[in-house]
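Here is the structure we will look at, set down as structure tokens.
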Number of protein chains: 2
Amino acid sequence: MPVRRGDELRCLYAIRAGFFKTSLVDSEGREQVTCFFMSGELLGMDGLGSGRCPGNAIALEDSDVCAMPYSLIEKIGREVPSLQRRVHAVLAREIVRNHGVMLLLGTMRAEQRLATFLLNLSRRFERRGYSESEFHLRMTREEIGSYLGLKLETVSRVLSAFHEDGLLDIDNKHVRIVNLAGLERVLAARN
Amino acid sequence: MPVRRGDELRCLYAIRAGFFKTSLVDSEGREQVTCFFMSGELLGMDGLGSGRCPGNAIALEDSDVCAMPYSLIEKIGREVPSLQRRVHAVLAREIVRNHGVMLLLGTMRAEQRLATFLLNLSRRFERRGYSESEFHLRMTREEIGSYLGLKLETVSRVLSAFHEDGLLDIDNKHVRIVNLAGLERVLAARN
DNA sequence: CGGCTTCTTGATCCTCTTCAAGGGTGGTGG
DNA sequence: CCACCACCCTTGAAGAGGATCAAGAAGCCG
């Protein structure tokens, strides 16, 4: 069941298993996917302190989460300084991560955005003990495009081009990175 | 004196007077202005919990700040629940604000980005007791462009076009908004 | 199987970038 | 006070990168 903007929100959700997207819709109906979350990550940080959900969150596959009430986080934070500091660090890291996405949206061209996206997914899968080179995309081309500020056709085209260049194999949502160094080199390309 | 990425950072800075920009540079040299800060706002939230400065911060005019050591914020947060909650709220609001910028960068065209930017400045000046319709831009066209994901020439052109359309008068860095409702209407334009 | 959503690929168009030139502005030193 | 220089801004012309429009193929589910 999706969580909608404006809903009451009293908990942080630690994702035990599964995959989520969060999105934002403005007053003119423009929609932007703001983040993809996977197991081990924290959902709902943007509602901390306000009790309101400022965006939408939707699971992209069967998922399992652990709800941690804000009130509890605040209470334990007061009692255990090291946890308090961790909460601050997690929130600050989320801000830094957002700045990285802003840099991507503001300065990179389509190929570089896709390469960054795939390398980021790869690293996150690897850290969870999955293959860094072979994985399933849980989201549609349209959702990838929304996240990266591109249209779905462009996403499709760039992925095809990567395949042409021998950087990866792609069969629908199944990705196998063939030339990881080559993908990294895309990021350095002119400009 | 600028603060540079990686510098040790132990304080949050409350801006008493002045104007700042923060920016991020990636490994390939791409630079993005991540935010402009003015009086009454908090600088350095992204270093909270880590003690490292993850970006650059530079004053764009003579400024006056109040340094609040992280250690003090943590200590008082433990003792005063209402302050603890405020810290959380401020951090969470910063995340939400970033999502708004991501939406701008991912979905809006040049005119809409500039209109959003000007309206945002207008509102912030108004809240501080300054004129909402007439103010000085502290940053260059290039810095505006970097923040909005545009080139400086495009910024210049769009501002000229707004003047042509009778939406505002602009003389170098001095802006006078003539038709505020018209500027807001730009946001709703097709798409 | 049939209907739906998602994905791919092509052709064309449009927005913004790039490249280039010239004009303003402000600060410094003679 | 004016000349000079560095930086910033404006405007034009040409080009590129994605968007848009359109058609069809492929996967998915009842």
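Both backbone and side-chain heavy atoms feed into the values below; hydrogens, waters and symmetry mates do not. A, B, ... follow the sequence lines: proteins, then strands. Residue 1 opens every chain.
- Note: CZ (A:Arg138) to C1' (C:dT6) measures 18 Å, nearest angstrom.
- Under the side-chain hydrogen bond (donor to acceptor under 3.5 Å, both in side chains) criterion, B:Glu142 pairs with no residue at all, not counting sequence neighbours.
- Here D:dG27 presents its P atom at 12 Å from NE2 of A:His136, a figure rounded to the nearest Å.
- Between A:Met45 and B:Ala92, the shortest heavy-atom distance links the atoms O-CB, 3.6 Å.
- One can place CG of A:Leu150 at 11 Å from P of D:dT20, the figure rounded to the nearest angstrom.
- If you take CG of A:Leu105 and C1' of D:dG18, they are 15 Å apart, rounded to a whole angstrom.
- For the helix from C:dC1-D:dG30 to C:dG30-D:dC1, the end axes, each set by the C1' atoms of five terminal pairs, are bent relative to each other by 40° (nearest 10°).
- Computed from coordinates, the B:Glu111 CD to C:dC14 C1' distance equals 13 Å when rounded to whole Å.
- Scanning for side-chain hydrogen bond (donor to acceptor under 3.5 Å, both in side chains) contacts around A:Arg185 gives an empty result, with sequence neighbours left out.
- Contact annotation for B:Gly145: no contact, since no heavy-atom pair falls under 4.0 Å across all strands.
- Residues satisfying the side-chain hydrogen bond (donor to acceptor under 3.5 Å, both in side chains) test with B:Thr22, not counting sequence neighbours, are B:Thr34.
- For A:Asn172, there are no side-chain hydrogen bond (donor to acceptor under 3.5 Å, both in side chains) partners at least two apart in sequence or on another chain.
- B:His163 pairs by the ring-ring contact (aromatic ring centres under 6.0 Å, His included) definition with nothing, not counting sequence neighbours.
- Evaluation of the side chain to side chain contact (heavy atoms under 4.5 Å, CB included) rule for B:Pro69 yields B:Cys11, B:Ser71, B:Leu72 as partners, not counting sequence neighbours.
- Only one option out of B:Gln84, B:Glu74, B:Arg78 pairs with A:Gln84 in a side chain to side chain donor-acceptor pair (under 3.5 Å); it is B:Arg78.
- Between the P atom of C:dT15 and the CE atom of B:Met108 lies a distance of 17 Å, rounded to the nearest Å.
- In this structure A:Phe125 satisfies the ring-ring contact (aromatic ring centres under 6.0 Å, His included) test together with A:Phe135, sequence neighbours excluded.
- Residue A:Lys151 contributes atom NZ, which lies 14 Å from atom P of C:dT15 at whole-angstrom precision.
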Nucleotides 8-13 of chain D: protein proximity per nucleotide (B base, S sugar-phosphate only, - neither; heavy atom, under 4.0 Å)
-SBBBB
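- Atom NE2 in A:His163 sits about 14 Å away from atom C1' in C:dT9, given to the nearest Å.
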